[in-house]
Amino acid sequence: TVTEKELTNHTYIDHELSANLDSAEAFEGPEKLLEIWFYADAQDIPEPRGTKKTLRDIEVAKWVEILKLVKCEVLSVRSTAVMDAFLLSE
Amino acid sequence: SSLFVYDHKITLKTCGTTTTLLCLQLLFDTINTELGWDVCKRIESTGKYFPYKVFYSRRCFMFPLKQRSIHKNWSNEVDYLNTFFSCGRSYLVGRNDESNHWNLYVTETNKSMVQKAKSEDPDETLEILMTGLDHERAKQFIRKRGLCEQQTAEKSEEDEGHMLGFNITKSTKLDLVYENNIKAAFHHDAFAFTPCGYSANMMLDEEYYYTLHVTPEKGWSYASFESNVPVAKISQGKQDNVQVLNHVLQVFQPNDFCVTFFTKDDLKESYSRYMQIGEQVPGYSRRDRIIYDLEDYQLLYMRFERSL
(Lines give C-alpha, C1' and ligand atoms only; values in the text may rest on other atoms or scores of the structure.)
Protein backbone atom coordinates (compact mmCIF):
# COMPACT_ATOMS: atom_id res chain seq x y z
CA THR A 1 0.00 0.00 0.00
CA VAL A 2 1.06 3.56 -0.65
CA THR A 3 2.33 5.79 2.14
CA GLU A 4 2.75 9.56 2.38
CA LYS A 5 6.50 9.35 1.93
CA GLU A 6 5.67 8.62 -1.70
CA LEU A 7 4.68 12.27 -1.99
CA THR A 8 8.20 13.53 -1.47
CA ASN A 9 10.40 11.01 -3.24
CA HIS A 10 10.22 12.26 -6.82
CA THR A 11 13.31 12.12 -8.99
CA TYR A 12 11.97 15.12 -10.87
CA ILE A 13 8.92 17.32 -10.53
CA ASP A 14 7.70 20.33 -12.49
CA HIS A 15 5.80 22.39 -9.90
CA GLU A 16 4.99 25.21 -12.31
CA LEU A 17 3.42 22.85 -14.84
CA SER A 18 1.60 21.03 -12.06
CA ALA A 19 0.06 24.28 -10.80
CA ASN A 20 -0.97 25.61 -14.19
CA LEU A 21 -1.92 22.58 -16.25
CA ASP A 22 -5.46 22.70 -17.61
CA SER A 23 -6.69 19.48 -19.21
CA ALA A 24 -10.13 20.78 -20.22
CA GLU A 25 -9.43 19.86 -23.86
CA ALA A 26 -8.30 16.31 -23.08
CA PHE A 27 -11.60 14.92 -24.31
CA GLU A 28 -10.39 11.65 -25.76
CA GLY A 29 -10.08 8.56 -23.62
CA PRO A 30 -8.41 5.76 -25.60
CA GLU A 31 -4.65 6.00 -25.46
CA LYS A 32 -1.98 5.29 -27.99
CA LEU A 33 0.44 2.68 -26.64
CA LEU A 34 3.92 2.43 -28.11
CA GLU A 35 6.42 -0.11 -26.81
CA ILE A 36 9.88 -0.39 -28.30
CA TRP A 37 12.31 -3.10 -27.23
CA PHE A 38 15.62 -1.90 -28.61
CA TYR A 39 17.22 -5.06 -27.21
CA ALA A 40 15.69 -8.24 -25.84
CA ASP A 41 17.33 -7.73 -22.50
CA ALA A 42 19.59 -5.25 -20.72
CA GLN A 43 22.36 -7.87 -20.92
CA ASP A 44 22.35 -7.54 -24.72
CA ILE A 45 23.20 -3.84 -24.74
CA PRO A 46 26.56 -3.29 -26.46
CA GLU A 47 29.42 -1.08 -25.28
CA PRO A 48 30.23 0.93 -28.43
CA ARG A 49 32.25 3.52 -26.50
CA GLY A 50 33.92 1.21 -24.03
CA THR A 51 31.36 1.68 -21.27
CA LYS A 52 27.84 0.40 -21.14
CA LYS A 53 25.29 3.20 -21.48
CA THR A 54 21.57 2.57 -21.40
CA LEU A 55 18.33 4.41 -22.08
CA ARG A 56 18.28 5.43 -18.44
CA ASP A 57 21.49 7.41 -18.98
CA ILE A 58 19.60 9.82 -21.23
CA GLU A 59 18.92 12.91 -19.16
CA VAL A 60 15.40 14.11 -18.42
CA ALA A 61 15.90 17.25 -20.54
CA LYS A 62 16.32 15.07 -23.65
CA TRP A 63 13.13 13.16 -22.88
CA VAL A 64 11.37 16.50 -22.44
CA GLU A 65 12.47 17.47 -25.97
CA ILE A 66 11.32 14.15 -27.44
CA LEU A 67 7.97 14.37 -25.65
CA LYS A 68 7.35 17.86 -26.98
CA LEU A 69 6.78 16.23 -30.38
CA VAL A 70 4.17 14.01 -28.74
CA LYS A 71 2.44 17.08 -27.22
CA CYS A 72 3.17 15.85 -23.73
CA GLU A 73 4.99 17.53 -20.87
CA VAL A 74 6.70 15.87 -17.92
CA LEU A 75 4.87 16.42 -14.63
CA SER A 76 7.10 14.18 -12.51
CA VAL A 77 9.44 11.21 -12.54
CA ARG A 78 9.79 8.36 -10.05
CA SER A 79 12.77 6.05 -10.32
CA THR A 80 13.32 2.55 -9.03
CA ALA A 81 16.41 0.37 -9.22
CA VAL A 82 15.66 -0.65 -12.81
CA MET A 83 13.20 1.82 -14.31
CA ASP A 84 12.18 5.48 -14.57
CA ALA A 85 8.45 6.18 -14.58
CA PHE A 86 7.39 9.51 -16.09
CA LEU A 87 3.98 10.95 -15.32
CA LEU A 88 2.94 13.14 -18.24
CA SER A 89 0.44 15.86 -19.04
CA GLU A 90 -2.72 15.12 -21.11
CA SER B 1 -0.09 9.82 -20.05
CA SER B 2 2.97 7.86 -18.96
CA LEU B 3 6.45 6.92 -20.12
CA PHE B 4 8.40 4.01 -18.66
CA VAL B 5 12.11 3.85 -19.42
CA TYR B 6 14.08 0.69 -18.76
CA ASP B 7 17.72 0.12 -19.74
CA HIS B 8 16.75 -1.54 -23.02
CA LYS B 9 13.11 -0.64 -23.75
CA ILE B 10 10.50 2.07 -23.42
CA THR B 11 6.73 2.08 -23.06
CA LEU B 12 4.91 5.29 -23.96
CA LYS B 13 1.19 5.55 -23.31
CA THR B 14 -0.46 8.82 -24.25
CA CYS B 15 -4.00 10.15 -24.06
CA GLY B 16 -5.98 12.93 -25.73
CA THR B 17 -4.82 14.41 -29.02
CA THR B 18 -1.18 13.49 -28.49
CA THR B 19 0.98 12.73 -31.52
CA THR B 20 2.85 9.72 -30.18
CA LEU B 21 4.47 8.46 -33.37
CA LEU B 22 5.85 11.84 -34.39
CA CYS B 23 8.62 11.47 -31.82
CA LEU B 24 10.11 8.39 -33.49
CA GLN B 25 12.79 10.09 -35.59
CA LEU B 26 14.05 12.27 -32.74
CA LEU B 27 13.92 9.30 -30.37
CA PHE B 28 16.15 7.17 -32.58
CA ASP B 29 18.45 10.10 -33.39
CA THR B 30 18.84 10.95 -29.70
CA ILE B 31 19.67 7.38 -28.73
CA ASN B 32 22.14 7.11 -31.58
CA THR B 33 23.84 10.35 -30.54
CA GLU B 34 23.75 9.82 -26.79
CA LEU B 35 24.42 6.08 -26.58
CA GLY B 36 25.94 5.17 -29.95
CA TRP B 37 23.65 2.20 -30.40
CA ASP B 38 23.82 0.70 -33.91
CA VAL B 39 20.21 -0.40 -33.55
CA CYS B 40 19.27 3.26 -33.83
CA LYS B 41 20.83 3.65 -37.26
CA ARG B 42 18.81 2.87 -40.38
CA ILE B 43 19.91 -0.32 -42.14
CA GLU B 44 21.50 0.67 -45.45
CA SER B 45 19.77 -1.94 -47.59
CA THR B 46 16.24 -1.15 -46.39
CA GLY B 47 16.55 2.39 -45.07
CA LYS B 48 14.66 1.22 -41.97
CA TYR B 49 15.27 0.37 -38.34
CA PHE B 50 15.07 -3.18 -37.04
CA PRO B 51 15.03 -3.16 -33.22
CA TYR B 52 14.26 -6.31 -31.27
CA LYS B 53 10.49 -5.71 -31.16
CA VAL B 54 7.97 -2.89 -31.61
CA PHE B 55 4.34 -2.83 -30.52
CA TYR B 56 1.89 -0.02 -31.24
CA SER B 57 -1.77 -0.36 -30.31
CA ARG B 58 -4.88 1.58 -29.50
CA ARG B 59 -8.58 1.12 -29.11
CA CYS B 60 -10.53 2.97 -31.80
CA PHE B 61 -10.97 6.62 -30.92
CA MET B 62 -14.19 8.17 -29.71
CA PHE B 63 -13.56 11.32 -31.76
CA PRO B 64 -11.14 10.34 -34.53
CA LEU B 65 -11.51 13.57 -36.48
CA LYS B 66 -10.28 15.58 -33.51
CA GLN B 67 -6.98 13.68 -33.57
CA ARG B 68 -4.00 15.35 -35.17
CA SER B 69 -1.84 14.49 -38.16
CA ILE B 70 -1.46 10.77 -38.94
CA HIS B 71 -3.46 9.78 -35.87
CA LYS B 72 -6.81 10.55 -37.52
CA ASN B 73 -6.66 7.25 -39.33
CA TRP B 74 -5.22 3.80 -38.47
CA SER B 75 -3.95 3.10 -41.98
CA ASN B 76 -2.00 6.37 -41.96
CA GLU B 77 -0.40 5.37 -38.65
CA VAL B 78 0.57 1.99 -40.10
CA ASP B 79 2.01 3.60 -43.24
CA TYR B 80 4.05 5.92 -41.05
CA LEU B 81 5.33 3.06 -38.87
CA ASN B 82 6.31 1.16 -42.01
CA THR B 83 8.58 4.00 -43.07
CA PHE B 84 10.57 3.34 -39.87
CA PHE B 85 10.45 -0.39 -39.25
CA SER B 86 11.13 -3.58 -41.15
CA CYS B 87 8.70 -6.46 -41.08
CA GLY B 88 5.72 -4.76 -39.47
CA ARG B 89 2.24 -6.27 -39.47
CA SER B 90 -1.04 -4.66 -38.53
CA TYR B 91 -4.22 -6.19 -37.13
CA LEU B 92 -7.74 -4.93 -36.61
CA VAL B 93 -9.00 -6.90 -33.63
CA GLY B 94 -12.71 -7.17 -32.91
CA ARG B 95 -15.72 -6.40 -35.07
CA ASN B 96 -14.97 -4.22 -38.05
CA ASP B 97 -18.47 -2.76 -37.96
CA GLU B 98 -18.34 -1.85 -34.28
CA SER B 99 -16.99 1.36 -32.85
CA ASN B 100 -15.02 -0.37 -30.14
CA HIS B 101 -12.51 -2.54 -31.95
CA TRP B 102 -8.82 -2.52 -31.18
CA ASN B 103 -5.84 -1.97 -33.48
CA LEU B 104 -2.38 -3.49 -33.23
CA TYR B 105 0.87 -3.05 -35.11
CA VAL B 106 3.76 -5.38 -34.29
CA THR B 107 7.13 -6.00 -35.89
CA GLU B 108 8.76 -9.33 -36.43
CA THR B 109 11.11 -10.23 -33.60
CA ASN B 110 14.74 -9.53 -34.49
CA LYS B 111 16.11 -12.77 -33.09
CA SER B 112 19.61 -12.07 -34.35
CA MET B 113 19.92 -9.52 -31.54
CA VAL B 114 19.63 -12.02 -28.71
CA GLN B 115 23.20 -12.47 -27.55
CA LYS B 116 22.94 -14.12 -24.19
CA ALA B 117 20.86 -16.84 -22.60
CA LYS B 118 17.90 -15.44 -20.72
CA SER B 119 16.61 -16.27 -17.34
CA GLU B 120 12.89 -17.06 -17.06
CA ASP B 121 11.19 -13.88 -18.21
CA PRO B 122 7.57 -13.65 -17.07
CA ASP B 123 6.83 -11.06 -19.77
CA GLU B 124 3.09 -10.44 -19.83
CA THR B 125 0.96 -7.35 -20.30
CA LEU B 126 -2.62 -6.94 -19.21
CA GLU B 127 -4.66 -4.00 -20.48
CA ILE B 128 -8.26 -3.17 -19.52
CA LEU B 129 -9.97 -0.38 -21.47
CA MET B 130 -13.27 0.73 -19.98
CA THR B 131 -15.99 3.09 -21.24
CA GLY B 132 -19.25 4.31 -19.75
CA LEU B 133 -18.05 4.46 -16.14
CA ASP B 134 -20.67 4.36 -13.40
CA HIS B 135 -21.49 7.99 -12.62
CA GLU B 136 -20.92 7.73 -8.87
CA ARG B 137 -17.64 5.89 -9.42
CA ALA B 138 -16.50 8.45 -11.97
CA LYS B 139 -17.10 11.26 -9.47
CA GLN B 140 -14.28 9.89 -7.33
CA PHE B 141 -11.89 11.21 -9.97
CA ILE B 142 -13.16 14.79 -9.88
CA ARG B 143 -11.41 16.79 -7.16
CA LYS B 144 -11.68 20.53 -6.77
CA ARG B 145 -8.44 22.33 -6.15
CA GLY B 146 -7.93 24.79 -3.31
CA LEU B 147 -9.41 22.47 -0.69
CA CYS B 148 -6.15 21.02 0.51
CA GLU B 149 -3.89 24.07 0.24
CA GLN B 150 -2.98 23.99 3.92
CA GLN B 151 -2.15 20.32 3.74
CA THR B 152 -0.06 21.02 0.64
CA ALA B 153 1.78 23.89 2.31
CA GLU B 154 2.76 21.61 5.15
CA LYS B 155 4.41 19.30 2.65
CA SER B 156 6.46 21.95 0.93
CA GLU B 157 8.01 19.56 -1.58
CA GLU B 158 4.62 18.61 -2.95
CA ASP B 159 2.00 20.36 -5.04
CA GLU B 160 -1.74 20.09 -4.98
CA GLY B 161 -2.16 18.02 -8.14
CA HIS B 162 0.09 15.29 -6.76
CA MET B 163 -1.48 15.55 -3.30
CA LEU B 164 -4.97 15.11 -4.73
CA GLY B 165 -3.75 12.26 -6.92
CA PHE B 166 -2.38 10.55 -3.82
CA ASN B 167 -5.70 11.03 -2.04
CA ILE B 168 -7.62 9.52 -4.97
CA THR B 169 -5.33 6.50 -5.02
CA LYS B 170 -5.93 5.94 -1.31
CA SER B 171 -9.69 6.49 -1.37
CA THR B 172 -10.27 4.25 -4.39
CA LYS B 173 -7.85 1.58 -3.11
CA LEU B 174 -6.11 1.51 -6.46
CA ASP B 175 -2.87 0.94 -4.55
CA LEU B 176 -4.27 -2.43 -3.46
CA VAL B 177 -4.95 -3.99 -6.86
CA TYR B 178 -2.25 -6.60 -6.27
CA GLU B 179 -1.80 -8.78 -3.21
CA ASN B 180 1.80 -7.98 -2.42
CA ASN B 181 2.56 -11.14 -0.49
CA ILE B 182 6.30 -11.03 -1.11
CA LYS B 183 6.48 -7.56 0.50
CA ALA B 184 7.99 -6.15 -2.69
CA ALA B 185 8.95 -2.48 -2.79
CA PHE B 186 6.01 -0.29 -3.86
CA HIS B 187 6.40 3.14 -5.43
CA HIS B 188 3.63 5.47 -6.47
CA ASP B 189 3.13 8.66 -8.44
CA ALA B 190 -0.32 10.06 -9.19
CA PHE B 191 -1.80 13.33 -10.35
CA ALA B 192 -5.31 14.80 -10.31
CA PHE B 193 -5.90 17.04 -13.31
CA THR B 194 -7.91 20.25 -13.52
CA PRO B 195 -10.86 20.33 -14.08
CA CYS B 196 -10.93 16.52 -13.73
CA GLY B 197 -9.07 13.35 -14.57
CA TYR B 198 -6.44 11.20 -12.93
CA SER B 199 -3.22 9.47 -13.93
CA ALA B 200 -1.13 7.15 -11.80
CA ASN B 201 2.03 5.09 -12.11
CA MET B 202 2.57 2.33 -9.57
CA MET B 203 5.85 0.39 -9.46
CA LEU B 204 6.20 -3.00 -7.79
CA ASP B 205 9.34 -4.94 -6.95
CA GLU B 206 11.46 -2.26 -8.71
CA GLU B 207 10.86 -3.72 -12.21
CA TYR B 208 7.12 -3.97 -12.77
CA TYR B 209 4.49 -1.29 -13.17
CA TYR B 210 0.80 -0.73 -13.49
CA THR B 211 -0.64 2.52 -14.74
CA LEU B 212 -4.11 4.04 -14.71
CA HIS B 213 -5.60 6.91 -16.69
CA VAL B 214 -9.10 8.20 -16.13
CA THR B 215 -11.24 10.78 -17.93
CA PRO B 216 -14.48 10.84 -15.90
CA GLU B 217 -16.57 13.26 -18.00
CA LYS B 218 -20.16 12.17 -18.42
CA GLY B 219 -20.89 11.17 -22.01
CA TRP B 220 -17.37 10.01 -22.82
CA SER B 221 -16.06 8.65 -19.53
CA TYR B 222 -13.15 6.30 -19.91
CA ALA B 223 -10.56 4.53 -17.78
CA SER B 224 -7.60 2.38 -18.65
CA PHE B 225 -5.50 -0.01 -16.64
CA GLU B 226 -2.27 -1.45 -17.98
CA SER B 227 0.09 -3.74 -16.12
CA ASN B 228 3.17 -5.89 -16.62
CA VAL B 229 3.07 -7.18 -13.03
CA PRO B 230 3.40 -10.99 -12.86
CA VAL B 231 0.54 -11.56 -10.49
CA ALA B 232 1.49 -15.10 -9.48
CA LYS B 233 4.98 -14.02 -8.42
CA ILE B 234 3.87 -10.94 -6.47
CA SER B 235 0.99 -12.70 -4.71
CA GLN B 236 2.86 -15.98 -4.22
CA GLY B 237 0.13 -17.74 -6.16
CA LYS B 238 -2.67 -16.35 -3.97
CA GLN B 239 -4.14 -14.13 -6.72
CA ASP B 240 -4.64 -14.38 -10.47
CA ASN B 241 -5.39 -11.93 -13.28
CA VAL B 242 -9.11 -12.69 -13.13
CA GLN B 243 -9.15 -11.35 -9.57
CA VAL B 244 -7.11 -8.35 -10.69
CA LEU B 245 -9.67 -7.69 -13.42
CA ASN B 246 -12.57 -7.92 -10.99
CA HIS B 247 -10.83 -5.55 -8.54
CA VAL B 248 -10.36 -2.94 -11.28
CA LEU B 249 -13.94 -3.35 -12.52
CA GLN B 250 -15.25 -2.79 -9.00
CA VAL B 251 -13.54 0.61 -8.90
CA PHE B 252 -14.99 1.84 -12.22
CA GLN B 253 -18.07 -0.31 -12.92
CA PRO B 254 -18.02 0.46 -16.67
CA ASN B 255 -20.81 -0.27 -19.15
CA ASP B 256 -18.39 -2.05 -21.40
CA PHE B 257 -14.73 -2.91 -21.53
CA CYS B 258 -12.19 -4.80 -23.56
CA VAL B 259 -9.26 -6.77 -22.22
CA THR B 260 -6.03 -7.58 -23.99
CA PHE B 261 -3.54 -9.99 -22.54
CA PHE B 262 -0.12 -10.58 -24.08
CA THR B 263 2.14 -13.31 -22.89
CA LYS B 264 5.27 -14.94 -24.23
CA ASP B 265 4.25 -18.41 -23.20
CA ASP B 266 0.79 -19.76 -23.97
CA LEU B 267 1.20 -22.57 -21.47
CA LYS B 268 1.32 -20.23 -18.55
CA GLU B 269 -1.33 -20.85 -15.97
CA SER B 270 -2.42 -17.23 -16.03
CA TYR B 271 -3.12 -17.44 -19.77
CA SER B 272 -5.11 -20.64 -19.34
CA ARG B 273 -7.17 -19.02 -16.59
CA TYR B 274 -7.87 -16.05 -18.80
CA MET B 275 -9.09 -18.25 -21.62
CA GLN B 276 -11.98 -19.32 -19.37
CA ILE B 277 -12.78 -15.87 -18.09
CA GLY B 278 -16.28 -15.46 -19.55
CA GLU B 279 -18.15 -16.95 -16.63
CA GLN B 280 -16.07 -15.24 -13.98
CA VAL B 281 -16.95 -11.59 -14.48
CA PRO B 282 -20.09 -10.96 -12.45
CA GLY B 283 -22.54 -8.61 -14.11
CA TYR B 284 -20.99 -8.76 -17.58
CA SER B 285 -21.51 -10.79 -20.75
CA ARG B 286 -18.66 -11.63 -23.05
CA ARG B 287 -19.29 -10.51 -26.64
CA ASP B 288 -16.00 -11.39 -28.32
CA ARG B 289 -13.04 -13.62 -27.60
CA ILE B 290 -10.25 -13.60 -30.16
CA ILE B 291 -6.91 -15.37 -29.94
CA TYR B 292 -3.88 -14.46 -32.01
CA ASP B 293 -0.65 -16.39 -32.32
CA LEU B 294 1.89 -13.60 -32.88
CA GLU B 295 5.16 -15.40 -33.51
CA ASP B 296 6.63 -15.58 -30.00
CA TYR B 297 3.67 -13.96 -28.22
CA GLN B 298 0.12 -15.04 -27.60
CA LEU B 299 -2.57 -12.39 -27.62
CA LEU B 300 -6.00 -12.81 -26.10
CA TYR B 301 -8.61 -10.11 -26.78
CA MET B 302 -12.03 -10.06 -25.15
CA ARG B 303 -14.86 -7.57 -25.12
CA PHE B 304 -17.60 -7.45 -22.50
CA GLU B 305 -20.82 -5.54 -21.99
CA ARG B 306 -22.85 -5.07 -18.84
CA SER B 307 -25.54 -7.76 -18.61
CA LEU B 308 -29.11 -6.57 -19.01
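In what follows, chains are A, B, ... by sequence order, proteins preceding strands, each numbered from 1. These numbers were taken from a predicted model, which means no experiment stands behind them.
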J.: Heavy-atom pairs under 4.5 Å with chain A: which of B:L26, B:L22, B:V214 has the most?
T.: B:L26
J.: Let's test your reading of the structure: which of B:T211, B:N110, B:T14, B:T11 forms the most heavy-atom pairs below 4.5 Å with chain A?
T.: B:T14
J.: When you measure from the side chain of A:E35 to the backbone of B:K53, do you find a donor-acceptor pair of N or O atoms at a distance under 3.5 Å?
T.: no
J.: Check whether B:L21 gets within reach of chain A through its side chain, its backbone, both or neither, counting any heavy atom under 4.5 Å.
T.: side chain
J.: Under 4.5 Å heavy-atom distance to chain A, tell me which part of B:E226 shows up: side chain, backbone, both or neither.
T.: side chain
J.: Taking atom types as modelled and ignoring hydrogens, do the side chains of B:Q25 and B:D29 form a donor-acceptor contact shorter than 3.5 angstrom?
T.: yes
J.: Applying side chain to side chain contact (heavy atoms under 4.5 Å, CB included), can you list everything that pairs with B:E108, at least two apart in sequence or on another chain?
T.: B:C87, B:R89, B:E295
J.: Quick check on A:K32 against chain B: is it the side chain, the backbone, both or neither that has a heavy atom closer than 4.5 Å?
T.: both
J.: Flag the one option from A:V74, A:I36, A:L67, A:L69 with the top tally of heavy-atom pairs under 4.5 Å to chain B.
T.: A:I36
J.: Does any backbone or side-chain atom of B:T169 lie under 4.5 Å from a heavy atom of chain A? Answer side chain, backbone, both or neither.
T.: side chain
J.: Taking atom types as modelled, is there a side-chain donor on B:S227 or B:Y178 under 3.5 Å from an acceptor on the other?
T.: yes
J.: Do A:S79 and A:D84 meet the criterion of a side-chain donor-acceptor pair at a distance under 3.5 Å?
T.: yes
J.: Determine the option with the most heavy-atom pairs under 4.5 angstrom with chain A, choosing from B:L12, B:D38, B:V54.
T.: B:L12
J.: Counting N and O atoms only, with roles assigned by atom type, does the side chain of B:N228 sit under 3.5 Å from a partner on the main chain of B:Y209, one being a donor and the other an acceptor?
T.: yes
J.: Below 4.5 Å, heavy-atom pairs only: which of B:L35, B:L24, B:L27, B:L174 has the largest tally toward chain A?
T.: B:L35
J.: Can you find a side-chain donor-acceptor pair between A:E31 and B:S224 that sits under 3.5 Å?
T.: yes
J.: Identify which part of B:C40 has an atom lying under 4.5 Å from any heavy atom of chain A, answering side chain, backbone, both or neither.
T.: side chain
J.: If you count heavy-atom pairs under 4.5 Å with chain A, which of B:D189, B:T109, B:N201 comes out on top?
T.: B:D189
J.: Run the ring pair (Phe, Tyr, Trp, His ring centres under 6.0 Å) test against B:F225 and tell me which residues pass, sequence neighbours left out.
T.: B:Y210
J.: At a 4.5 Å cut-off on heavy atoms, which part of B:F28 comes close to chain A: side chain, backbone, both, or neither?
T.: side chain
J.: Hey, are B:R59 and B:T260 close enough side-chain-wise for a donor-acceptor pair under 3.5 Å?
T.: no
J.: Charged N to carboxylate O below 4.0 Å: is that the case for A:E65 and A:K62?
T.: no
J.: Do B:R68 and B:T19 have a side chain donor and acceptor closer than 3.5 Å?
T.: no
J.: Does a donor on one side chain and an acceptor on the other come within less than 3.5 Å for B:Y56 and B:E77?
T.: yes
J.: Measure distances from B:Y222 to the heavy atoms of chain A and classify the residue's part below 4.5 Å as side chain, backbone, both or neither.
T.: side chain
J.: So which of A:V77, A:D22, A:L75 has the largest heavy-atom pair count under 4.5 angstrom toward chain B?
T.: A:L75
J.: Could you check whether B:T20 and B:H71, counting side-chain N and O atoms only, form a donor-acceptor pair closer than 3.5 Å?
T.: no
J.: With only heavy atoms counted, which part of B:A200 is less than 4.5 Å from chain A, the side chain, the backbone, both or neither?
T.: backbone
J.: Looking at A:T54, A:T80, A:V82, A:L33, which has the largest count of heavy-atom pairs under 4.5 Å with chain B?
T.: A:L33
J.: Heavy atoms only, distances under 4.5 angstrom: which of A:S76, A:S18, A:A19, A:A85 has the most pairs with chain B? Name it, please.
T.: A:S18
J.: Hey, which of B:F55, B:F4, B:F50 has the most heavy atom pairs under 4.5 Å with chain A?
T.: B:F55
J.: Where on B:L129 is there a heavy atom nearer than 4.5 Å to chain A: the side chain, the backbone, both, or neither?
T.: side chain
J.: Please state whether the side chain, the backbone, both or neither of A:R56 comes within less than 4.5 Å of a heavy atom of chain B.
T.: both
J.: So for B:A185, is it side chain, backbone, both, or neither that comes closer than 4.5 Å to the heavy atoms of chain A?
T.: neither
